[in-house]
A.B. asks: 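Got a structure for you, written out below as structure tokens; questions coming shortly.
Residue numbers begin at 1 in each chain, while the letters A, B, ... track the order of the sequences.
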There are 2 protein chains.
Amino acid sequence: MDPHLLRTFVEVAETGSFSAAAERLNFTQSAVSQQIAALESDLGTSLLTRRPVRLTEAGERLRRHAKILLVRLEAARADVTRTSAPPGRLTLGLTPLAWSAPVAAALTRIRAESARLATRLLVAPLDRIVTATATGALDLGLVDGFTAPSDPLRLPEPGDPRSLRVAECPAVVAVPSGHPLARRTSVDLADLADAYWIDAPGVTPFRRLPVDGLRAGLHYDGAESTVLTGLIAAGHGLAVLPEWLLTGRADLAAIPLGVPRLVHRVELLRAPGVVDPAGPASLLAALLAP
Amino acid sequence: MDPHLLRTFVEVAETGSFSAAAERLNFTQSAVSQQIAALESDLGTSLLTRRPVRLTEAGERLRRHAKILLVRLEAARADVTRTSAPPGRLTLGLTPLAWSAPVAAALTRIRAESARLATRLLVAPLDRIVTATATGALDLGLVDGFTAPSDPLRLPEPGDPRSLRVAECPAVVAVPSGHPLARRTSVDLADLADAYWIDAPGVTPFRRLPVDGLRAGLHYDGAESTVLTGLIAAGHGLAVLPEWLLTGRADLAAIPLGVPRLVHRVELLRAPGVVDPAGPASLLAALLAP
DNA sequence: TGCGTTTACGTTGTGCGTAAGGATT
DNA sequence: AATCCTTACGCACAACGTAAACGCA
């Protein structure tokens, strides 16, 4: 179970080809073949079918473990080799809906206080932010999700349990302002089982829809929240969204959620070893004290 | 960052000696020295001071990562090599206070239903149960802890987030029955800042005391809960305990906790790949449906 | 027949043990 | 002087590349 072997195994699993994996990793086909054979003989199990190259059940399990292990290995290296000197620039990553008013304000304050600190910003899906933060590619990651009030987010591996709460706001059902439900003061999702929903995994942090059993009338694959709100306003369907996204919009109504009780929550992830790259008083404080 | 190197590094870190580590791992001193040198040159950092052998700051960080990584590596192996055939025997691990009435009842039912299934039981501290379950040394692990009501437990790495809630009961402050507080219907921990506490990390799942700022008058290092309750009854101090531990005891009073609102919670951990070793209907169902 | 994986084999390099060297108490 | 880690050196095995063989479309 050498990480080297795991790395090529993951590559083979994802490309579906020994030769393609070899090319990516700058090996020969032969070497890849031998490495996979070594893994299989070590574990005493077949991991891949050949021709076509597909994962066996054991292989699929190993792939999941291996991806996590490789990230954590990188994370460990990043943590150990991190110099104690404060970095010259700050790299910050966000999921699309983690960018809210308090975060914007905090960032403004940070940049005003430490103008010398060059800042890089990246917006990407949850998984990318989580792994990039774990490996130290990002100094800080802001991620969002829906949970029960005051519950921590359940992050995908290798999410760091030391994440800090940054903001929490009510989760609402977004409907067009002319919608029959628009004046309701509260709805339960169960009452909306017959409605059509917009499934937008790139925007909202649900993998699919917030609750099983809801029908998606439209699947939106982008990450642009204005497109999603536009689709809702145009009557293509409903979605569960954080309340702040809808404030000030005349074309949309926000209906508070009754059951299940959900909030939209933003948490701050730190790269291993990062306490506060901009000094103890400024960055974390700015993000955490809105 | 070969796992082999990490393994010997951890061994050196824990024994504080190259030669002792070499002996444990069946290597020569020389090999260990070379391995550590290889790690240090790979990471570009000094990990250990020699003479005396002590961890540097980077070394301490690596040690923490390495311990987790090695467990997860073993866990991956256990998961992949696990046969789909149901095992002939069931190995169950518990933390001391995870053994409560509903668990006892569930176990009785399990053994009655599947009498052929040999059962092994292990009681050990939280960390041991968590790692043993993760690596597949245990099929199932029952762990306990205190959290806010309906919150999941925050388990030490490499705790599996797929843990299942088994039981939850109120957390109470245990006092001798003659104690001035014994008739109170509720207390806040803040009100008890002046009291003396018994610090019993082997019994209660707090690392130290439930809240920082409480003074420990006595430190009990064992894992026997009857000793702890006995100490409380004898007036040596107070402790936060699950309510069921005190029911029926005339010498102790249980005062419900006001702030912070805490419950004692038992969760079930499954070894990787274990769904229900005794068949879909029996074991998990018995544990989860009290 | 052709594409892609496996096997054979020669070469290179890594990693261990033996044994000598060096440093610290 | 004793103990413990490091370095030097030789050997063995593991790992890769080249090239030929094999097997499935």
A.B. asks: Taking all heavy atoms of B:Val12 and all of B:Ala21, pick out the closest pair and write down the distance.
C.D. replies: CG2-CB, 3.5 Å
A.B. asks: List the atom of A:Leu269, the atom of A:Ser163, and the distance in Å for their closest heavy-atom pair.
C.D. replies: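 Answer, listing the atom of A:Leu269 first, then A:Ser163: CD2-CB, 3.4 Å.
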A.B. asks: Specify the closest pair of heavy atoms between A:Gly93 and A:Leu138, including all atoms of both residues, with the distance to one decimal.
C.D. replies: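 Scanning both residues, the minimum pair turns out to be CA-CD1, 3.7 Å.
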A.B. asks: Looking only at non-hydrogen atoms, find the nearest pair between A:Ile36 and A:Phe9 and report the distance.
C.D. replies: CD1-CA, 3.8 Å
A.B. asks: Would you mind reading off the distance between B:Asp2 atom CG and D:dA15 atom P, rounded to a whole angstrom?
C.D. replies: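 It works out to 10 Å between those atoms.
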A.B. asks: Go through it in stages, so that I can follow the logic: the residues are B:Gln34 and B:Ser30, the test is side chain to side chain donor-acceptor pair (under 3.5 Å), and I'd like the CA-CA distance, side-chain angles, deciding distance and then a yes or no.
C.D. replies: CA-CA 6 Å; B:Gln34 292 174 51; B:Ser30 165; 2.9 Å; yes
A.B. asks: Which whole-number value in Å describes the distance from A:Leu25 CG to D:dA15 C1'?
C.D. replies: 15 Å
A.B. asks: Could I get a table of every N or O pair under 3.5 Å where one atom is in the protein and the other is in nucleotides 16-24 of chain C?
C.D. replies:
| unit_1 | atom_1 | unit_2 | atom_2 | d |
| --- | --- | --- | --- | --- |
| C:dC16 | OP1 | B:Gln35 | NE2 | 2.9 |
| C:dG17 | OP2 | B:Thr28 | N | 3.1 |
| C:dG17 | OP2 | B:Thr28 | OG1 | 2.8 |
| C:dG17 | O6 | B:Gln34 | NE2 | 3.4 |
| C:dT18 | O4 | B:Ser30 | OG | 3.0 |
| C:dT24 | O4' | B:Arg51 | NE | 3.4 |

A.B. asks: Considering all heavy atoms of both residues, which atom of B:Glu267 and which atom of B:Pro152 are nearest to each other, and what is their separation?
C.D. replies: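 So the minimum-distance heavy-atom pair works out to OE2-CA, 3.4 Å.
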A.B. asks: Separation of A:Ile36 atom CD1 from C:dT6 atom P, in whole Å?
C.D. replies: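 Atom CD1 in A:Ile36 sits about 9 Å away from atom P in C:dT6.
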A.B. asks: At under 4.0 Å between heavy atoms, what does B:Ser33 touch on the DNA or RNA strands: base, sugar-phosphate, or nothing?
C.D. replies: base
A.B. asks: Check A:Met1 against B:Leu73 and note the closest heavy-atom contact, atom names and distance.
C.D. replies: CE-O, 3.3 Å
A.B. asks: Quick one: list whatever passes ring pair (Phe, Tyr, Trp, His ring centres under 6.0 Å) with B:Phe27, sequence neighbours left out.
C.D. replies: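 For B:Phe27 the ring pair (Phe, Tyr, Trp, His ring centres under 6.0 Å) partners, ignoring immediate neighbours, are B:His4.
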A.B. asks: Between C1' on D:dT3 and CZ on B:Arg50, what's the gap in Å once rounded to a whole number?
C.D. replies: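 Result: 16 Å.
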A.B. asks: In residues 37-47 of chain B, which residues come under 4.0 Å of DNA chain D by heavy atom?
C.D. replies: none
